[in-house]
Structure formats: C-alpha cells, structure tokens
Amino acid sequence: MLTLAEIAQHIGGDVVGDSEYTVSSVATLQSGQENQISFLSNTKYTKYLANTNAGVVIVSAKMVDSVPNNAIVVDDPYIAYAKAAALLNPIKENNIGVNPTAFIDDNCTIEPSVSIGAQSVIGAGVILEKDVIIGPGCILLDNVKIDEGSRLVANVTLCKDTQVGQRVLIHPGVVIGADGFGIANDHGKWIKVPQLGSVRIGDDVEIGANTTIDRGAIDDTLIGNGVKLDNQIQIGHNVTIGDNTVIAGCVGIAGSTSIGKNCAIGGGAGLGGHLDIADGVQITGMTMVTKSLTRSGVYSSGIPAEQTATWHRNVIRYRQLDKLTERVKQLEIQNKQG
Amino acid sequence: MLTLAEIAQHIGGDVVGDSEYTVSSVATLQSGQENQISFLSNTKYTKYLANTNAGVVIVSAKMVDSVPNNAIVVDDPYIAYAKAAALLNPIKENNIGVNPTAFIDDNCTIEPSVSIGAQSVIGAGVILEKDVIIGPGCILLDNVKIDEGSRLVANVTLCKDTQVGQRVLIHPGVVIGADGFGIANDHGKWIKVPQLGSVRIGDDVEIGANTTIDRGAIDDTLIGNGVKLDNQIQIGHNVTIGDNTVIAGCVGIAGSTSIGKNCAIGGGAGLGGHLDIADGVQITGMTMVTKSLTRSGVYSSGIPAEQTATWHRNVIRYRQLDKLTERVKQLEIQNKQG
Amino acid sequence: MLTLAEIAQHIGGDVVGDSEYTVSSVATLQSGQENQISFLSNTKYTKYLANTNAGVVIVSAKMVDSVPNNAIVVDDPYIAYAKAAALLNPIKENNIGVNPTAFIDDNCTIEPSVSIGAQSVIGAGVILEKDVIIGPGCILLDNVKIDEGSRLVANVTLCKDTQVGQRVLIHPGVVIGADGFGIANDHGKWIKVPQLGSVRIGDDVEIGANTTIDRGAIDDTLIGNGVKLDNQIQIGHNVTIGDNTVIAGCVGIAGSTSIGKNCAIGGGAGLGGHLDIADGVQITGMTMVTKSLTRSGVYSSGIPAEQTATWHRNVIRYRQLDKLTERVKQLEIQNKQG
C-alpha cells in the first residue's frame, strides 16, 4: 500500500484529490476498482475515463477534469504509469542459489551471488558476474560470459563465446550464437562457410521469447546498449544494431545489415542483407526493405487488407499496370495530334 | 484390424462393398494398398481415385461410382477420415509416472495420475490436475495451473501464473507467459513497463511448435475454448482470441487486439495492435491488417508472385500511380474542353 | 599456422607474393592484420581492398593487381575462402562421451563413439549411429534414428519416429516431428486429424535455430539431401523439399507443398499449401506464392519500402485502380467517337 503522495513524488506528478488515498495495485480504466491506480495515454481508451471505478487515474493536464476520482497529473502518463507499476510491484529477490540438478563444468568462474536454476547446463570457461540469474533449463555452451545483474528467465540457449552485458533480460526460447546461414555453391553442392565470429550483447538489452541472433561469420554480431527486441525476431550474422533501437515481433534481418541508433522497426518487417539503415529511421509493420535507408524518417510498404472480392479485382488491375500506362500514353499522343 | 462395418458405424457412413473387409491402417490414394483405408476430400486429388489400390475409400455420394474397391459413403469425407484414423490409431496410455530426473518443488499439488517426463522442472505452487502429461524437458515456473487431461509434448515453457484448461495439447518449443513488449520512451531511453497480467488458455486448445503467447500488461491474455494455433505464431500481450478460432503458422498479432469467435487466419498474416476483429472473419494468408474488421467476411491483401522481370516493371509503375492518375485527369480535362 | 603455399594447394589457387608467408586466422578486409587471410567476393566490399592490412587476400584474377600485400588467385573467392577458413579452424574433437546427467532409456541402440550432452533425454527405441553428437538439453522422443556423424548442437527436440541422415547439423531450438496442423470442422467444432506420418531428413542437411518441421498426416514429410535451412522456418506436414534446395530465414511453407531440387527461397517468403514448385526455381525475399510454379526461373512479389507519406498516396491510388482503368476506357471511347 502506498499513498498518492508517495506515488506522485516517485513519478514526478501532482495529486488532484486526496494525497493520503492508498493504492495497492494497478488496473485498466475498464477493470479498475477502489485502491487501484490506472492511466490514460492512448486516446482510444478516453471513452472509458468518465466511468472508471479506479481510485486514481494518471493523466495529462488536459484530461484531469474528466477524471471521476483522484488523479495524478503528469507530462507523460505512460512513462509515469510504468514507474508507478514498478514501484507497486518490486521484483522479488530471485537469489535461489544453485539448484542441485544443474550441471556445471568444473572450469567456470561463477560469483557467489549467482543463481542457477534446475536442469541448467553451464559449459567450460563460462564466466557469470555478480547477481546473474540463470533460470531453469538454460544452456550456456563453452566460454559464454554474462555481466552483472543480467537474467535468463528459463530455457535460453547461449552458444559458445556469446557475451552478454549488464542488466540484460532474456526470455525463454531465445537462441543466441547459432551458426549464421553461410553457404557457398561449389559446382552445384552447397558447402558450409565456417561461422567464426560470435555475438556481443550490450547493457540494458531485453530479448523476447524465441528470438534468434546468429553468430558472425568472421567479425561479431553486435547488439547495442538499450536495444529492446520483441519475440520471434531473426537477426542474421554480422548484423549490427545501434543503441536504443527497438524492434517488434517477427521481424527478420538478413546478414551484414547495419541498423542505426534510436530506430523503431514494426512487427513483421523484413530487411535484406548488406543494407545500411540510418539513425532514427522508423519502419512500419510488415514493410519490405530492399535498399539502404540513408536518412532518418518513416518508411512503409505493403497494402492493407480489403474484402477479398475487391482485392481480387485490384490484383488483376495491378498486373495490367504496364499496359494501362501504355494506353494512357496512346491517349496523350492522340490528343496532341487531335 | 477393424471391419468396414465397424468403421462405417463409428463415422456414420454407408458401406458400398464388403462389410466384413478388414482395415489395419490409413493411407493416401496414391500409396494405399490392400487392408488400408483412404479418403477423397480435396478435389485436387480426384485424379488418383480411379487407380488407387487402397482397399477402402471414404467418399461423398457423388464420387462413389469412381471408387475401384470398397467405399464408405459419408457427407464429409475429411471429418469421417479424421474419425476413422483416430479409431484405428488410439493414443497409447502415456502414464509413465514421474521420471526420477524431474525436479519438482516441494510445494506443488500434483494428482497421482499425472505423468512428468525426464529433466522437467515443476516450480513452487504449481497445480497439475488428473491425467495431465508433462513430457520431457518441460519447464513450469511458479504457480502454473494445468487442468485435467492436458498434455505438454516436450520442451514446453510455461512462465509463472500461466493457466491452462482441460484437454489442451501443447507442442515442443512453445513459450507461454513471457513478458509482453511493454516499453516507454523516457527522454530517449526505453524503460520497461512491468508486465503484471498472466495468460489463460481455455479448454480443447492446441498450440503448435515454437508458438509464443505473451502475458498481459495489466489484465490477462486470453485464448478461448477450442482455439487451434499452428506453429511459430506470435501473440502479443492482452490479445484475446474467441472460441473456435483457428490460426495458421507464422501469424503475428500485436498487443491488445481482440479476435472474435470462429475466425480463420491464414499463414503469415500480420495484425496490428488495439484492433477489433469480428466473429467469423476470415483472413487469407500473408494479409496485412491495420484496421479493425467489424463485419464477418473474407479479407485479403498482398500481391501474388510473378516473374521477377514483370514484378520489376509493375513495381515501377506502382510508384508512378499518383502521376498516372494525374495524367488521366489531364486527358479528361482536355477531352471536356475539346 | 599455415603457409600460403599450403593454403593455395588446399583451395586450388595460385600464390602471388611470398609462398612461405604464414597465416594464423581469417579476417575481413576492414579488420585484417598481418598473418591474417581475407577475401573479396561481393563487389560492395571492393572499396576496402586497396587499403587492407590483411597479410593475404583471396581474389579473382581480375582483382589481383589491387591487392596491396600477398594474394591467392582463384576462380571463386567465396568458395576458396570457405575452404581456407575450414582448414584454419578444424572442428575440435567433440567426443565428450555420455554426460552422467543425461537420461537414456534402457531400450536404445547407441554406438560407443556417440556423445550425449548434459540434461539430454533419449527415449525408448532410439538408434544413434557412429560419431553422432547430441549436445546438452536435447530431447529425442521414442524411436528417433540418427545416422553416422550427425550433430545436434543443443536444445533440439526430435519427436517420435523422426529419422535423420548422415552428417546433418541441427541448431538449437529446432523442433522436428511435431503434429501437423490437421483439423476438420465438425458442425462448428474443430476436431483433430491424427498426424500419423513422420519426418525423414536426408544426408548433409543443415537446419537453423528455431526452425520447425512438422510430421506428415499420413505419409512422411521429406527433406532431401544437401538441403540447407536457415532459422525460424516453418515447414508444414507432408511438404517435400528436393536435394540441394536452400531456404533463408522466416519462410513459411504450408502443408503438402512440393519443392523441387536446387531451388533458392528468400527470407520471409510464404508458400501456400498443395503447390508444386519446379526444380531450379528462385523466389526472392518476402514473396507470396499462391499458385504452383511449374517452370524454373526467378519469381517475386511485394512492393519495397518508400517514405510513409508517398506510401499512403500510392495505397489510396491502388484502391482506385479499378476506377482509373474505367476512366481510361471512357477516354478511349470518347477519342474513338471524337
């Protein structure tokens, strides 16, 4: 239980209402009840504000008059909510020590404050710094290094030589450091190009469930500080991702492409290989990127859904576009001659 | 070995031929031999009917004259085949007890009829109801609850608080309840929005290999009864999926989107966040959905493959569409003036 | 350390420079130093050749004059580099025996030269031939068979009856043999179609991280010899893939589609079900294939990224294509009448 005054101070906001009102948990506007705190950020949800039963709502100044109960007024309600939610839900001490079913190679360097979950495997030469938490069922192959305070939730696979920075959070099913897709065609038969680089992950990175990041072919694959990756992303060998770039689910990035800092890539987008994407580029969902994007800005492709009957007609017309252009040209010539 | 009479009774069909003919296994029309049962449902395979060596074929009434051997006539051959195949291939008793290499927290509630495979991990507070089968290498974090008769095949990860209904089948590599992609930009630096909801899976759900379903941010992510999910699907936080909806492989659904009942979503489709999809909507493969679909019906987007040379030309024309429209307008003005 | 003469002989090239010069490792043109060997294949990197510090560069004859240090001249520098890199980085003996934490059913056939990593599970009836390496955390369900010299890196799941050929390399997170997506709608309720086939993988196949290959419904799913699969690919039930076909990351292939030999499918492409793709077909990245491709050739679809403002305009014009075509027709009629 925290008072509104305590929360407002933590998130840097002003209480409108009862500063001594107590809050126990967070809720949406629709489900909120007494002693719960909610927020309004996305305008799609404004319609739920007037009738919310949440005891407190975090809002911007222009919405405060519509709040039926207590309010905390801030500049950015979503940021403020995130901070309030973290304050109300502190991460519990996860130091569970080393589970006896874990298999740990004799030749490792593991700080005493490290936790290792059941059925995990720690290979030779692995280095785990202070307060690292390895959840159950994780596999760290030889010479993996993880810096202070990072956490593998469960069932994460780090292939040999992978390096992970500080305060990194990796979700289940992630595979880092598998071989890149390096093959060369030798008279009709594909031979393997040895994948000799590794993967280096910066500090404060989060990696979503079942995302894969391949090791480099010669140099390393690099993920910058503060990068946030959603689920089911595929990152090819020798990709580099700049600091604070965020990538939504199901994105695929082919080998040797370099992405700048502070980029945002929407879900399901695909980026070809050997491209340069400038700092600050935004790419909307399902966009197909086949050329370098050398200037910051917002980029898109793809045609949104329509009813299938209409779609059929338009696809047919699309296939006649070249002919249609030709017909327009003919008309222009006729008009000139006429 | 079952007789045609036994099978016909089970699937609700009429034998045309020898009711005492015996069947040992299923086969396709192309590969079928004596004592095997096949079926014709997809008309693409009609060409194989006349020459099949399968001892029995399940067909609709209008095809029965083309069956060279015995037939069972039914309304829907695919449904009837599914039932016959299940009858001929009963699932073997999988109660293998609890493997000694499994790690089980002291603080669990596990029914005596539950099976737990080798190297699995069962966290604190987990509840496993009657006849639940946990295959090898599964990881159930704290407070997971699984209802009667559900089965995790192998290597499934259920994060804390995940709730699974009855008779649910979950394939390897599935991750349920990982954190949703909740981040907020605080003056250029991304901070994590705590993911405090959970995931609730209904009854009779099937979830394909390597599919991921994220936990809710505040409320829970909800998968309805009878939902069937194929492989490699990504379901974001706070998505809700209505009863009996089916989703093919590689679909991505962004956070807070609500999908109705009895929908069918084709492979590789992508749905944006915060959308409402009505009951009974069908979406064809690789469609990009950026707006709510408020009426049932079939929706599509995307342009099918053509030869690359043609594709190049059409892409160029597409990029000139705005200009082309302008040229047509000019011609219309000229014609009016002329 | 190898001399240039030794490397040149192995890769079938001619030394231009000092045959006794020694090489210890590989490097890119940009990062190369003394005693390192690099190569030039992709012309995007030609700009780095003149100033490279790499002690040796593998090049084609036409580039040799631009090499600042030693060179080895070959027909195909990428193939030659692959061979040189393998020569300089021999795979270390991985025979680690059987880890005591592995769970192995009593009823298996395992050659003495097989390695089995920590926390792995080997089910009943499994057959592992000579020199097979099962990395840590792998799960082999009943009756899996793996032929000589194949390797599962770590955390691979092979469902029951899966058959793997010789010298196959499978990366972490791969799931082979999970049930295909076979469902039939029985008056509004989906019933499961038993998935009774298996998966057979040929020789010299490589399968990337988190790729899934479903078991067949009746017959088996088949992956030919020399097939190379990248990460996060989904292959549906009863797909067949011909010898030496290569598939890049994030491709989805729906059930019963047959792909020929020597095909190349770009990243993120999607192929519908029940299609026939001829030998030698190439499909570029993110292409949507809805019909059979019966002749070899290169196929594409999808529209590349443009600035979002332009994209918006073109999408609107696209939706009016049918009307635009009608307007052109009207103009043509007017001109004829005029």
Side-chain angles (χ1 to χ4, degrees), chain B residues 26-28 31 42 44 76 78-79 81-83 85-86 89 99 101 117-119 135-137 153-155 169 171-173 206 208-210 226 228 230-232 244 246 248-250 262 267-268 285-286 302-308 311-312 315 318-319 321-322 324-325 328 331-332 335 338, chain C residues 103 119 121 137 139 141 155 157 159 173 175 178-179 181-186 188-194 196 210 212 214 218-219 232 234 236 250 252 254 270 272 274 283-284 287-291 293 297-304 306 313-314 317-318 320 324 327-328 331 334-335 338:
Chain B
V26 302
T28 61
S31 67
N42 186 330
K44 282 196 187 181
D76 184 331
Y78 193 45
I79 293 285
Y81 162 76
K83 291 177 178 174
N89 297 275
N99 188 289
T101 64
Q119 317 288 15
V153 173
N155 196 21
L169 177 58
H171 291 287
E206 183 165 351
N210 282 5
K228 308 294 181 187
D230 196 1
N231 296 5
Q232 307 240 26
N244 298 314
V246 298
C250 306
N262 303 306
M286 293 186 84
I303 297 170
E306 43 196 347
Q307 293 199 35
T308 299
W311 168 75
H312 259 133
V315 165
Y318 178 83
R319 300 208 144 167
L321 253 186
D322 210 38
L324 184 70
T325 308
V328 172
L331 286 165
E332 288 170 336
N335 274 23
Chain C
F103 176 81
Q119 317 287 15
V121 177
I139 297 175
L141 297 182
N155 196 22
T157 305
C159 295
V175 177
D179 280 356
F181 198 54
I183 53 176
N185 196 303
D186 192 9
K189 198 189 146 192
W190 295 98
I191 66 170
K192 185 173 177 67
V193 180
L196 303 167
N210 282 4
T212 50
D214 281 348
I218 300 178
D219 293 334
Q232 306 240 28
Q234 153 62 5
C250 306
H274 298 276
I283 297 171
T284 59
T287 293
M288 167 169 137
V289 183
T290 57
K291 292 194 175 153
L293 301 173
V298 192
Y299 298 87
S300 303
S301 75
I303 296 169
E306 43 195 348
R313 267 200 304 276
N314 281 329
R317 295 309 191 196
Y318 178 83
Q320 301 164 335
L324 184 70
R327 284 161 65 186
V328 171
L331 286 166
Q334 287 175 22
N335 275 21

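All values below come from the heavy atoms of this structure, side chains included, with hydrogens, waters and symmetry mates left out.
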Where C:Gly252 and B:Cys250 come nearest, the two heavy atoms and their spacing: CA-SG, 4.3 Å
Side chain / backbone / both / neither for B:Asn244 at chain C, heavy atoms under 4.5 Å: both
Minimum heavy-atom distance C:Phe181-B:Val246, with the two atoms named: CZ-CB, 4.4 Å
Pairwise distance OG1(B:Thr325) to CZ(C:Arg327) - rounded to 0.5 angstrom: 6.5 Å
C:Tyr299 versus B:Ala305, closest heavy-atom pair with distance: CB-CB, 4.4 Å
Choice from B:Asn42, B:Leu321, B:Leu324 maximising heavy atom contacts with chain C below 4.5 Å: B:Leu321
Exceeds 12 heavy-atom contacts within 6.0 angstrom, atom NZ of C:Lys291: no
Most chain C-contacting option - heavy-atom pairs closer than 4.5 Å, from B:Gly268, B:Pro136, B:Gly249, B:Gly267: B:Pro136
Top of B:Asn231, B:Val26, B:Asn89, B:Thr101 for chain C proximity - count of heavy-atom pairs under 4.5 angstrom: B:Asn231
Most contacts with chain C, counted as non-hydrogen pairs under 4.5 angstrom, among B:Gln232, B:Gln307, B:Glu306, B:His171: B:Gln232
Qualifying residues under side-chain hydrogen bond (donor to acceptor under 3.5 Å, both in side chains), relative to B:Lys83, sequence neighbours excluded: C:Asp186
Leading residue by heavy atom contact count with chain B [cutoff under 4.5 Å; candidates C:Ile191, C:Val289, C:Thr290]: C:Ile191
Chain B interface, residue from C:Gln320, C:Arg313, C:Gln119 that has the most non-hydrogen pairs under 4.5 Å: C:Gln119
Rounded distance (nearest 0.5 Å) linking atom CD1 of B:Ile303 with atom CD1 of C:Ile303: 4.0 Å
C:Leu331 portion near chain B, given a 4.5 angstrom heavy-atom threshold: both
Residue among B:Leu169, B:Asn99, B:Val315 with most heavy-atom pairs under 4.5 Å to chain C: B:Asn99
Closest approach of B:Asn210 to C:Asn210 (non-hydrogen atoms, all atoms of both residues): ND2-O, 3.1 Å
Taking every non-hydrogen atom, the tightest pair across C:Ile183 and B:Tyr78: O-CE2, 3.4 Å
Closest heavy-atom pair and its distance - C:Arg317, B:Asp322: NE-OD1, 2.7 Å
Heavy-atom proximity to chain C below 4.5 Å, by part of B:Lys228: both
Between C:Ser300, C:Ser301, C:Ala184, the one whose heavy-atom pairs under 4.5 Å with chain B are most numerous: C:Ser300
Whether C:Thr212 side chain and B:Ala209 backbone form a donor-acceptor pair below 3.5 Å: no
Option that, when pairs with chain B are counted at under 4.5 Å, heavy atom only, ranks first among C:Asn185, C:Leu141, C:Val193, C:Thr284: C:Val193
Under the ring pair (Phe, Tyr, Trp, His ring centres under 6.0 Å) test, residues paired with B:His312 that sit two or more places apart: none
Choice from C:Val328, C:Leu293, C:Val175 maximising heavy atom contacts with chain B below 4.5 Å: C:Val175
Side chains of C:Thr157 and B:Asn155, donor plus acceptor under 3.5 Å: yes
Interface moiety of B:Ser31 toward chain C, non-hydrogen atoms closer than 4.5 Å: side chain
